[in-house]
Amino acid sequence: MGGGVTPRVFIVRHGETEWSLSGKHTGRTDIPLTADGEKRVRATGKALVGDDRLIVPKKLVHIYVSPRKRAQRTFELLNLGVQDPYPWAAHGSKDPDALACSAHVEVTDDVREWDYGDYEGVTSPEIRRRRAEQGLDPNWDIWRDGCPGGESPEQVTERLDRLIAEIRRKWNEPAMGTGKHGDVLVVAHGHILRAFAMRWAGKTLQDGPAFLLEAGGVGTLSYEHHSIHEPAILLGGAFVVDMAPEGNL
C-alpha cells in the first residue's frame with residue numbers, strides 16, 4: 001500500500017462507576033458514572049482530544065458507542081462536539097467549549113459489555129467461591145470459560161469480529177495511504193474492549209489477555225506498514241503537530 005497517514009481506532013472504557021470501584025461485574029445493569037468518574041473522563045478529554053492531541057476531532061470519521069448509559073455519558077464528557085443530536089437522550093449537560101467533530105455517532109450492541117449471565121453484579125472472589133461450592137473449577141477465567149447464563153468467548157468473538165470487519169471495510173481501508181482521514185472511536189467497557197484488542201491483533205480470547213484498560217482509559221489500535229492486512233496494537237501514540245511548510249519558518 002502507499003504512504004500517507006495510517007488510520008487509528010481509539011478504544012475508550014467508560015469512567016468509574018460504583019460497581020467498577022467495588023469489582024462487581026457490570027454487564028446489562030445500567031448504572032451511572034460516579035462524580036469522580038465524570039471528573040476524570042472530562043480531564044481525559046481535555047488532555048487527549050484536540051488538534052494537537054492524540055485524538056484529533058477532524059480526523060474521526062465514525063464513532064461507535066455502547067447502548068449503556070455509562071458509556072454514553074463517557075462519550076458526552078470527552079470534549080467532542082458532534083454536529084448531529086446524540087442517538088440517545090443526553091445524560092447530562094453538554095460542554096459548550098467541546099471541539100467540533102463531524103463524525104457520525106452510532107449506538108451498537110456489538111460493543112455492549114460481555115453478558116455475565118449468572119455472574120452479573122458479582123465479584124471475582126465471590127464467583128470463585130460459588131464455583132467451588134458447585135463442584136466446578138474455582139480457577140474461573142472469563143477468557144476461557146465465559147459466563148453461565150451469559151456469553152461464551154466464542155459468542156463474544158463472533159460479534160467483535162463482525163464489527164472489526166466493518167471498521168476495516170467502511171472506515172480504515174478507504175483512507176489507507178490516501179491522505180484521507182479514517183480514524184474511528186469506540187466507547188464501551190472493560191472486558192469487551194480488551195477482547196476487541198485481542199481480536200484486532202488476531203489473537204484468540206483464550207490466548208490471554210494480559211491487557212489492562214483502566215476505567216476512563218484510552219487505548220490505540222492501528223496497522224503496520226500502512227497495510228490493512230497488518231493490524232497492530234499501538235503501544236505508544238504520539239500527539240499530532242502540524243508542521244509548517246519549509247520557507248514559512
Side-chain angles (χ1 to χ4, degrees), residues 9 11-41 44 64-75 91 107-164 186-219 221 233:
V9 175
I11 56 174
V12 180
R13 181 183 173 188
H14 67 76
E16 174 191 276
T17 66
E18 290 296 346
W19 279 22
S20 72
L21 207 50
S22 62
K24 292 180 178 179
H25 287 78
T26 322
R28 300 181 302 268
T29 308
D30 220 358
I31 58 177
L33 304 184
T34 63
D36 198 31
E38 289 216 358
K39 226 181 295 181
R40 289 181 183 183
V41 171
T44 296
Y64 295 95
V65 183
S66 159
R68 302 290 170 256
K69 66 184 177 188
R70 57 191 182 276
Q72 295 170 356
R73 182 59 181 149
T74 295
F75 173 74
H91 303 297
V107 173
T108 175
D109 261 341
D110 283 347
V111 291
R112 73 184 188 278
E113 183 55 297
W114 197 306
D115 187 339
Y116 297 122
D118 300 348
Y119 296 158
E120 179 77 10
V122 185
T123 64
S124 292
E126 176 60 25
I127 289 170
R128 287 192 284 271
R129 259 196 310 277
R130 279 193 195 179
R131 290 177 68 89
E133 287 168 6
Q134 294 165 348
L136 300 170
D137 183 356
N139 295 313
W140 172 71
D141 181 345
I142 191 170
W143 312 105
R144 180 191 66 221
D145 304 322
C147 301
E151 284 184 294
S152 68
E154 292 74 24
Q155 288 170 311
V156 167
T157 295
E158 184 181 353
R159 64 177 164 104
L160 289 177
D161 284 0
R162 178 171 61 234
L163 182 63
I164 289 169
V186 181
V187 185
H189 311 265
H191 270 125
I192 206 66
L193 288 176
R194 290 160 70 190
F196 184 97
M198 290 294 288
R199 294 305 300 151
W200 182 270
K203 304 294 183 188
T204 69
L205 302 194
Q206 293 85 347
D207 284 339
F211 296 147
L212 296 176
L213 188 59
E214 295 178 339
V218 179
L221 311 174
I233 309 295

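The minimum heavy-atom distance between H14 and L33, with the atom names listed, is ND1-CD2, 4.3 Å. Here the shortest heavy-atom pairing between H189 and V111 reads CD2-O, 3.5 Å. For the pair G219 and L213, the tightest heavy-atom approach, listed with the atom from each and the gap, is N-CD1, 4.2 Å. Here the shortest heavy-atom pairing between V122 and R130 reads CG2-NH2, 3.4 Å. Closest of all the heavy-atom pairs between P153 and Q206 is CB-NE2, 3.9 Å. In this structure, Y119 and H25 approach most closely via the heavy-atom pair O-CB, 3.6 Å.
The number of heavy atoms from other shown groups lying within 6.0 Å of CD (E158) does not exceed 12. Heavy atoms from other residues, nucleotides or ligands lying under 6.0 Å from NZ of K39 number 12 at most.
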Run W143 and H191 through ring-ring contact (aromatic ring centres under 6.0 Å, His included) and show every step you take.
CA-CA 9 Å; W143 312 105; H191 270 125; 5.3 Å; yes
Please test E214 against R40 for salt bridge (Lys or Arg N to Asp or Glu O under 4.0 Å), starting from the C-alpha separation and ending with a verdict.
CA-CA 11 Å; E214 295 178 339; R40 289 181 183 183; over 6 Å; no
Derivation of the side chain to side chain contact (heavy atoms under 4.5 Å, CB included) call for T26 and R68:
CA-CA 10 Å; T26 322; R68 302 290 170 256; over 6 Å; no
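Once rounded to the nearest 0.5 Å, the distance linking CD1 of I164 with CG of L221 reads 8.0 Å. To the nearest 0.5 Å, the span separating NZ on K24 from CD on E126 amounts to 10.5 Å.
The side-chain contact (heavy atoms from CB on, under 4.5 Å) with D110 is formed by just one residue from the set V156, I192, L163; it is L163.
With a 4.5 Å cut-off on side-chain heavy atoms, P138 and R129 do not count as touching. The closest side-chain heavy-atom distance from W114 to R194 is not below 4.5 Å. Using a 4.5 Å cut-off on side-chain heavy atoms (C-beta onward), V107 and Q72 make contact.
With hydrogens and angles left out, the side-chain atoms of S66 and E113 include no donor and acceptor closer than 3.5 Å.
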